[in-house]
Amino acid sequence: MNKFLCCALLVGLMAAPALHAQDEQSPLPAATTEGGVSYLSGGIGIDESTAMKNAASKYSLELVFSAKAGASAPYLANVHVKISDRTGKTVIDTVSQGPYFLANLPDGNYQVEASSKDVTKTERTTLKKGSHQRLVFSWSE
């Protein structure tokens with residue numbers, strides 16, 4: 001019985017580095033913090049796109065960018081994102097590195113501006129503790 005337990009322990013220890021390596025190779029892009037607000041952007045490629053979709057519910061705000069409306073719409077990257085609070089103070093001002101943008105903003109009212117192809121789209125949203133808002137911005141070709 002002791003030999004079996006030792007073998008099982010040894011196999012487990014040998015597998016641990018492989019499991020840890022998978023964690024280090026997470027397809028999520030690195031988070032950025034601006035003005036105390038954490039966000040990440042990306043979603044290029046199937047692995048990163050799937051990871052962003054799976055992580056979205058953990059963020060208070062999810063933005064999605066596409067070239068046109070519809071289920072088969074091509075996604076957009078390099079979208080300028082500006083998020084302001086109810087007083088007009090800019091909270092985030094950046095360029096999204098992919099079609100998904102996830103942010104953890106505190107409760108409140110926000111104006112979200114997304115600019116692509118020299119066209120700016122604006123949405124207003126209210127975030128409440130424990131809630132998740134998803135805004136989709138589409139530009140016609």
Side-chain angles (χ1 to χ4, degrees), residues 1 3-141:
M1 198 67 146
K3 288 180 184 179
F4 177 77
L5 185 59
C6 287
C7 286
L9 182 60
L10 183 60
V11 168
L13 290 173
M14 290 172 46
L19 293 173
H20 183 68
Q22 286 178 344
D23 290 343
E24 290 176 359
Q25 296 172 359
S26 172
L28 274 177
T32 302
T33 301
E34 182 176 327
V37 176
S38 176
Y39 66 88
L40 53 108
S41 66
I44 304 295
I46 191 71
D47 290 341
E48 191 173 281
S49 175
T50 300
M52 294 286 287
K53 289 176 191 177
N54 290 339
S57 65
K58 296 175 183 141
Y59 289 81
S60 58
L61 182 64
E62 172 187 8
L63 307 178
V64 181
F65 311 115
S66 67
K68 59 184 177 181
S72 63
Y75 289 116
L76 292 176
N78 300 317
V79 174
H80 180 238
V81 176
K82 182 178 176 185
I83 301 175
S84 305
D85 66 15
R86 66 176 178 79
T87 67
K89 178 184 173 196
T90 300
V91 180
I92 295 174
D93 190 355
T94 190
V95 174
S96 181
Q97 300 302 307
Y100 292 97
F101 187 90
L102 307 176
N104 265 331
L105 294 157
D107 297 355
N109 297 311
Y110 296 92
Q111 177 173 295
V112 180
E113 296 177 14
S115 302
S116 180
K117 303 179 182 187
D118 297 323
V119 176
T120 299
K121 306 259 180 169
T122 303
E123 293 280 340
R124 294 188 184 277
T125 189
T126 300
L127 302 177
K128 296 179 182 173
K129 186 175 183 170
S131 71
H132 171 80
Q133 289 289 339
R134 182 176 197 256
L135 302 176
V136 178
F137 292 89
S138 299
W139 288 265
S140 298
E141 295 184 329

From [X] atom [atom1] to [Y] atom [atom2], the distance as rounded to the nearest 0.5 Å:
| X | Y | atom1 | atom2 | answer |
| --- | --- | --- | --- | --- |
| Thr120 | Lys82 | OG1 | NZ | 9.5 Å |
| His80 | Asp118 | NE2 | CG | 13.0 Å |
| Leu76 | Ser138 | CG | OG | 8.5 Å |
| Glu113 | Ile92 | CD | CD1 | 13.0 Å |
| Lys58 | His132 | NZ | NE2 | 12.0 Å |
| Ser131 | Gln133 | OG | CD | 5.5 Å |

[Y] and [X], any side-chain heavy atoms less than 4.5 Å apart:
| X | Y | value |
| --- | --- | --- |
| Leu135 | Leu61 | yes |
| Ser57 | Glu62 | no |
| Ile83 | Gln111 | no |
| Tyr39 | Asn104 | no |

So, applying ring-ring contact (aromatic ring centres under 6.0 Å, His included) with Tyr75, which one of Phe65, Phe101, Phe137, Tyr100 is it?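 In the set Phe65, Phe101, Phe137, Tyr100, the residue that makes a ring-ring contact (aromatic ring centres under 6.0 Å, His included) with Tyr75 is Tyr100.
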Heavy-atom closest contact ([X] atom, [Y] atom, distance):
| X | Y | result |
| --- | --- | --- |
| Met52 | Pro29 | SD-CD, 3.6 Å |
| Ile44 | Gln97 | CG1-O, 3.7 Å |
| Ala31 | Leu40 | CA-CB, 4.1 Å |
| Val37 | Pro106 | CG2-CD, 4.5 Å |
| Ala114 | Val79 | CB-CG1, 3.9 Å |

Would Asn109 and Thr126 count as a side-chain hydrogen bond (donor to acceptor under 3.5 Å, both in side chains) here? Give the steps. CA-CA 4 Å; Asn109 297 311; Thr126 300; 2.6 Å; yes
Give me the one residue out of Thr125, Leu127, Asp85, Val112 that meets side-chain contact (heavy atoms from CB on, under 4.5 Å) with Leu105.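 Between Leu105 and the candidates, side-chain contact (heavy atoms from CB on, under 4.5 Å) is satisfied uniquely by Leu127.
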